[in-house]
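Note that ligands are numbered from 1 as they come in the structure, with each ligand's atoms numbered from 1 the same way. In this chain, residues are counted from 1 in sequence order. These figures come from a predicted structure and were not determined experimentally.
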Amino acid sequence: MANTQEIVSVLTESRVFPPPEDFSRRAHIRSMQDYQRLWDEAAKDPDKYWGDRAREELYWKEPFQTVLDWKPPHARWFVEGKTNLAYNCLDRHLPKLKDKPAILFEGEPGDRRAITYGELSQQVNRLANGLKSLGVKKGDRVGIYLPMVPEAAVAMLACARLGAVHSVVFGGFSAEALQDRMKDAGAKVLLTADGGWRKGAVVPLMKNVEAALPNAPSIEKVIVLTRTGDGKLPEGPKFVAWDALVKGQSDTCEPEWVESEHPLFILYTSGSTGKPKGVLHTTAGYAVNASLTTRWVFDLRDDDVYWCTADVGWVTGHTYVVYGPLMNGVTTIIYEGAPTQPGPDRFWDIIERYKATILYTAPTAIRAFMRLGDGPVKQHDLSSLRLLGSVGEPINPEAWMWYRDVIGGGRCPIVDTWWQTETGGIMVSPLPGATPTKPGSATFPLPGIHAEILDRDGKRVPKGQGGLLFVTKPWPSMLRTVYGDPERYVNTYFSELPGMYFTGDGARTDADGYVWLMGRVDDVVNVAGHRLGTAEVESALVAHPKVSEAAVVGRPDDLKGTALVAFVTLKQGNAPSEALKKELAVHVGKEIGAIARPDEIRFAEGLPKTRSGKIMRRLLRDVAAGKQSSQDTTTLEDLNVLAALRQTDE
Ligand code: PRX
């Protein structure tokens, strides 16, 4: 149960950036009046609004009659309809887009491939036929554990074509994480590769699979793509070479027309405690919102070269690398490797060479680039870019400004998009041709999305005051359950206020009604009776010119209830010192107020992060409290970081 005391909001940001006029003129949604009109229409008659959107976004083999059947907390959308998501991503664009690149792929070692819509369709159909030959059918679960290569998208689409339920496991996860997920999902087949390239080295996927298999007994077959090695398979009847499986298969495969509510994928995400939750998404509602939000939020045009840098192992990779862009028939870039391999300018080199028009990435990456300075960016012509996006955590205003000025050349609108694995698609975000943006605010909920900031009694909190972020009405791409654990679905998401989805995030609105995310509620600390969003203190620290990254957590304190401990990484060329600690504490005091001044500042070479770049605050809480951690570290990017932090302790 979240602590729902009032959250004191302390950050103020007064800069406003209206959308550039020439951008608005050509945009899908061109003004706040248009946004408001859509919002009002959706609120007044949600069935009509979502029904219209569903008919516009998808090809329906059989039409739906019922837009929504809502028996809180269980929703069924577009009930009688039948469709197929692979058909919507591929077939319906052919023959018109047959020769248009669907995927521009760049491997970390520098290998490149352009795959047209026609070719992608062939590859998907061949693999679908191959999977069929192994007995995969509608409803079967299929694991995908691949590097960021086009075959990851091919695998997802082949599953969707057959009505099989994919569960992608991020290629950076360990054998243990893989086996737990495969076991929980009861996966019948696993698609993997011998390895992938990351930071100049091979990620040993096959080795992990071999270690996981004895504990994942449901897996009957393992399909192995050759990416880094010589094509030799491990011994045993389970292993099938990808190439051999698809060779000779037909280029056509009749799509399985599935019911709207047929499960599309399970994606595991960590909760604040316990084992990862298998978030289950179904077909039509997810697809409608994926397609719509990609077009509106990124204001897609036919000639866009769109790059979302997320891995398909995360929900952002599902919705905004694969399904959203392909449903819209645009060209999407897939890059396999690390952002700074072989040099600090790899991203900018890719943007220049492919003339990318849209970049969608995470604040943690933006801050890492900031730390490297403007030099690597300035070596490249980024004038093709017209829109920038941010996702995954609150973006601090300093990083937002750097993103805008240095990457976007001051001309590209920024969409700071708030959403979650559970929401399936973007929920709160600027519409770039309409919404005046403020650095650090995700601005307003999209039409049809009732994101509201409430107190524990379900009352709306006044403007300026923090509260809990709920989504008070169902939306098409909401998760349907936690796979295999329906009670956990109810307890985690619908037990704070009946019938309302609890996001776990704190937020506030400012005087103009803009939404500001304040971090997870369990990252909110109570200092001397005041609740503070740790994200806000972090933002203040990062605003200091010498600070690269900061994470703030609470530590039990006899006097104040909770003391604030800040872990700080410095920008290159700055040395830790006692004087600097004082300077930073004073700086936070000045930026926010004495209440937010950290009680302790610790300098660190690195912060413990998940592989998707989220700082693992729960680990830092243990470090701050001087405790050995009993927490799950399977998602930690680099265990050494934790060891180093502990050493500074002694
Ligand atoms: O705390 C919010 C933060 O990331 C959480 C969702 O994480 P995940 O399910 O891994 O999905 C990440 C990609 C959608 C949210 O509960 N978050 C995500 N986007 C933002 C954000 N916090 C602030 N601003 C955002 N734009």
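Heavy-atom contacts of Val391 reach the following atoms of ligand 1: 13 (C), 14 (C) (cutoff under 4.0 Å). Here is the list of ligand 1 atoms found below 4.0 Å of a heavy atom in Leu517: 23 (C).
Taking the six-membered ring for Trp, Tyr501 and Trp475 have ring centres closer than 6.0 Å. Aromatic rings of Tyr489 and Phe494 (six-membered ring for Trp) have centroids within the 6.0 Å cut-off, being under it.
Counting heavy atoms from C-beta on, the side chains of Glu496 and Phe470 come closer than 4.5 Å. Using a 4.5 Å heavy-atom threshold, the side chains of Pro608 and Phe567 count as separate.
Judged as a ring-ring contact (aromatic ring centres under 6.0 Å, His included), and not counting sequence neighbours, Tyr335 has no contacts. When the ring-ring contact (aromatic ring centres under 6.0 Å, His included) test is applied to Tyr403, no partner is found at least two apart in sequence or on another chain.
Scanning the protein heavy atoms around atom 3 (C) of ligand 1, the nearest turns out to be Gly392 O, 3.2 Å. Nearest to atom 10 (O) of ligand 1 among the protein's heavy atoms is Lys614 CE, 3.6 Å. Among protein heavy atoms, atom 15 (C) of ligand 1 sits closest to Asp505 OD2, 3.2 Å. Taking atom 5 (C) of ligand 1 as the reference point, the nearest protein heavy-atom neighbour is Trp419 O, 4.2 Å. Here the heavy atom of the protein found nearest to atom 9 (O) of ligand 1 is Thr421 OG1, 2.6 Å. Here the protein heavy atom with the shortest distance to atom 13 (C) of ligand 1 is Thr316 OG1, 3.4 Å.
If you look at Gln420 next to ligand 1, the close heavy atoms, those under 4.0 Å, come from the backbone and the side chain alike. No part of Ile395 comes within 4.0 Å of ligand 1, judged by heavy-atom distances.
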>> Checking Thr293 against Tyr320 for the side-chain hydrogen bond (donor to acceptor under 3.5 Å, both in side chains) test, could you report, in this order, the C-alpha distance in whole Å, the side-chain angles of both residues, the deciding distance, and whether it holds?
In response: CA-CA 9 Å; Thr293 54; Tyr320 298 109; 2.6 Å; yes
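A salt bridge links Arg617 with Glu538: the closest approach of a Lys/Arg side-chain nitrogen to an acidic carboxylate oxygen falls below 4.0 angstrom.
Proximity annotation for atom 22 (N) of ligand 1: of Pro394, Ala507, Ser441, Gly506, Pro394 comes nearest, heavy atoms only.
Note on ligand 1: Gly504 sits outside its first shell, no heavy atom being nearer than 4.0 Å.
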